[in-house]
Amino acid sequence: MKQKHLLSLREYSRAEIEEIFDLARKLKARPGDYADALKRKSLAMIFQKPSTRTRVSFEVGMFQLGGQALYLGMDSIQIQRGETVADTARVLSRFVDGIMARVFAHQDVVDLARYGTVPVINGLSDQLHPCQALADFFTLLERRGKLDGAKLAYIGDGNNVCHALMLGAVKLGVLMSMACPAGYQPNPLILKSAIRDAQKERTPAPVVTTDPMEAAKGADVVYTDVWTSMGQETESAARVKAFQGFMVTPQMMAAAHKDAVFMHCLPAHRGEEVAAEVVDGPQSVIFDEAENRLHVQKALLILLLGGK
Ligand code: CP
Ligand code: NVA
């Protein structure tokens with residue numbers, strides 16, 4: 001793979017994404033075959049925000065590949081006391097073989113890649129969550145056997161997860177139909193770049209509506225995420241009001257394809273963005289998505305950090 005970093009799926013070709021999926025499939029089937037793939041390699045993990053899945057999947061993933069991961073929370077590194085992201089990138093590059101970072105400002109992952117000399121993986125920024133999108137499309141591929149021609153209905157906030165799914169969908173031939181309330185629609189610049197990529201790739205262009213039932217109609221996946229993302233806590237009350245009618249309900253699932261799955265990146269709030277009957281129901285694949293974070297990221301780590 002010619003990519004050095006994973007900041008956004010925008011830079012990735014369909015073939016490169018498929019290379020990750022092919023390796024992830026092998027890693028999932030025969031994890032023991034890769035026990036030394038990243039022997040003695042180290043991954044620094046910067047977390048400006050909390051995490052359950054991202055931290056544990058990267059940390060366990062590095063261990064399973066024979067390497068190690070270092071958890072660098074904000075209270076334990078000098079960024080908190082004013083050391084620049086650029087200097088942090090330069091210093092960490094002298095010690096470790098890769099950096100994974102979960103940040104508030106997307107520019108921070110861009111700067112880590114710019115000033116460091118080792119691969120940088122975006123473990124969620126205010127704009128994007130590419131590792132999540134990779135795990136989700138891999139999960140859909142496992143279920144459906146192919147991605148081309150699938151319809152993904154995203155209901156809710158036009159946020160980092162929504163953007164990452166959109167940028168991946170146009171590469172993979174998935175029609176992304178988003179239903180978001182006015183004022184909470186996806187970033188117009190990201191939407192525009194996804195539409196441009198769809199034209200280039202000759203894949204369906206993403207569409208945005210304010211009607212969740214319209215988005216859900218005939219969908220193969222109904223996807224949602226929290227209404228209030230990390231860092232937006234002060235907006236929570238206004239958001240709950242704005243998102244009324246956007247909870248994923250059994251009625252919405254009934255509008256989708258009969259074999260449709262329900263997806264959520266997690267953590268989920270039952271009775272808010274999704275009804276408990278849906279997230280805990282038979283169509284829900286939320287824990288497969290979570291597990292697949294591990295397999296997909298191990299593949300990514302091998303491809304970027306230069307194992308076998
Ligand atoms: N989906 C996801 O990234 O979860 P965490 O915030 O727990 O890492
Ligand atoms: N949109 C959510 C995703 C959490 C994994 C957030 O940024 O908080």
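Note that the numbering runs from 1 along the sequence shown for the chain. Just so you know, ligand 1 is whichever comes first in the structure, and atom 1 is the first atom listed for that ligand.
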So is there a nitrogen or oxygen of [X] less than 3.5 Å from a nitrogen or oxygen in ligand 2?
X	value
His129	no
Lys49	no
Thr228	no

Which residue is it: Asn187, Asp225, Asp126? I am looking for the one with a side chain to side chain donor-acceptor pair (under 3.5 Å) to Asn159.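 Per the side chain to side chain donor-acceptor pair (under 3.5 Å) rule, the option paired with Asn159 is Asp225, out of Asn187, Asp225, Asp126.
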
Give the residue, atom name and distance (to 0.1 Å) of the protein heavy atom nearest [atom].
atom	answer
atom 4 (C) of ligand 2	Leu124 CD1, 3.9 Å
atom 3 (C) of ligand 2	Asp225 OD2, 3.6 Å
atom 7 (O) of ligand 2	Asn160 ND2, 2.8 Å
atom 8 (O) of ligand 2	Met230 N, 2.8 Å

Check whether the side chains of [X] and [Y] place a donor and an acceptor atom closer than 3.5 Å, and report yes or no.
X	Y	value
Glu289	His264	no
Arg81	Gln78	yes
Asn292	Glu142	yes
Gln3	Glu11	no
Gln48	Asp108	yes
Glu273	Thr224	no

Name the residues in contact with ligand 1, where contact means a heavy atom under 4.0 Å away: which are they? Ser51, Thr52, Arg53, Thr54, Arg102, His129, Gln132, Cys265, Leu266, Arg293

Centre of Phe47's six-membered ring, under 6.0 Å away, within 45 degrees of the axis: is that where NZ or CZ of Arg55 sits? no

Can you see whether Phe104 has Lys49 sitting over its ring - NZ or CZ less than 6.0 Å from the centre and within 45° of the normal?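 Here Lys49 passes the 6.0 Å and 45° test against Phe104.
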
Leu266: heavy atom below 4.0 Å from ligand 2, yes or no?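 Yes, Leu266 has heavy atoms under 4.0 Å from ligand 2.
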
For Phe138, check ring pair (Phe, Tyr, Trp, His ring centres under 6.0 Å) against everything at least two apart and list the hits. Phe21

Mind checking whether Asp126 contacts ligand 2 via backbone (N, CA, C, O), side chain (CB onward), both or neither, at a 4.0 Å heavy-atom cut-off?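 The answer is neither.
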
